[in-house]
Amino acid sequence: NAGVTQTPKFQVLKTGQSMTLQCAQDMNHEYMSWYRQDPGMGLRLIHYSVGAGITDQGEVPNGYNVSRSTTEDFPLRLLSAAPSQTSVYFCASSSRGTGSHNEQFFGPGTRLTVL
Amino acid sequence: GDSVTQMEGPVTLSEEAFLTINCTYTATGYPSLFWYVQYPGEGLQLLLKATKADDKGSNKGFEATYRKETTSFHLEKGSVQVSDSAVYFCALSDFNDYKLSFGAGTTVTVRA
């Protein structure tokens, strides 16, 4: 199993550009989520999905879109990049199982810089 | 809402020293508590967890006990190694919820 994979690993954008961060998992997990990691702030939830066709907003959703057309993939779209979106982005997945008890598996991250 | 407060550090220790990282939480329900570790250049991985009061999670020599009366989940290790250098995150998820709330993270550096 590859686990959770993310591409690209690094990305530099100019203000106003759009892009999609890719996330895929091969563990047949129902739950997937996106976090951003900023110094001194831990990880903050952007969007999440409890299954194909279902998405919802997290703590910091503004400026980001998601969709979940398959169980495996959960791309994150930046509509018009801003310098405030410079961050490290992590995708995570977990099985539904017993809900909050389940371990979330994280991808290696995408480091995004917006100039 | 739910929140986690943890000692921010950075923490620098010598090998074989005792490590403790404080973590306290605020939650309305009955949360599950977690410690995640992030090694340099990698994503987060689960270190240990506890799902109810007085549970002790343990892994790789690390321990943490879920204390409901003090709303705490402090991480401890009796003798650290250079390989324990990492960022440690305390986190919680509310009962039957998948969303994690994270603390700010504590950077630990262990010197030989």
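Residue numbering restarts at 1 for every chain, and letters A, B, ... go by the order of the sequence lines.
If you measure heavy-atom distances from A:L45 to chain B, the contacts under 4.5 Å come from the side chain alone. Heavy atoms of B:L100 lying under 4.5 Å from chain A belong to its backbone as well as its side chain. Contacts between A:F105 and chain B at a heavy-atom distance below 4.5 Å are absent for every atom of the residue.
In the displayed structure, A:R111 atom CZ is contacted under 6.0 Å by at most 12 heavy atoms of other residues, nucleotides or ligands. Counting heavy-atom neighbours within 6.0 Å of B:E16 CD, excluding the residue itself, gives a total of 12 or less. The environment of CZ in A:R77 is crowded: more than 12 heavy-atom neighbours from other residues, nucleotides or ligands sit within 6.0 Å.
When hydrophobic clusters are built by joining Ile, Leu, Val, Met, Phe, Trp and Tyr residues whose side-chain heavy atoms come closer than 4.5 Å, directly or via intermediates, B:L44 is grouped together with B:F34. Residues A:V88 and A:L13 are members of separate hydrophobic clusters, defined by side-chain heavy-atom contacts under 4.5 angstrom among Ile, Leu, Val, Met, Phe, Trp and Tyr.
The structure places OG of B:S101 at 7.0 Å from CD of A:E59, a figure rounded to the nearest 0.5 Å. In this structure, CG in B:L48 is found 11.0 Å from CD in A:E103, a value given to the nearest 0.5 Å.
B:Y36 places a side-chain heavy atom less than 4.5 Å from the side chain of A:Q104. Between A:Y48 and B:K99 the shortest side-chain heavy-atom distance falls below 4.5 Å.
When every heavy atom of B:A104 is checked against every heavy atom of A:G40, the shortest pair comes out as CB-O, 3.4 Å.
Between the side chains of A:Q37 and B:Q38, at least one donor-acceptor pair of N or O atoms lies under 3.5 Å.
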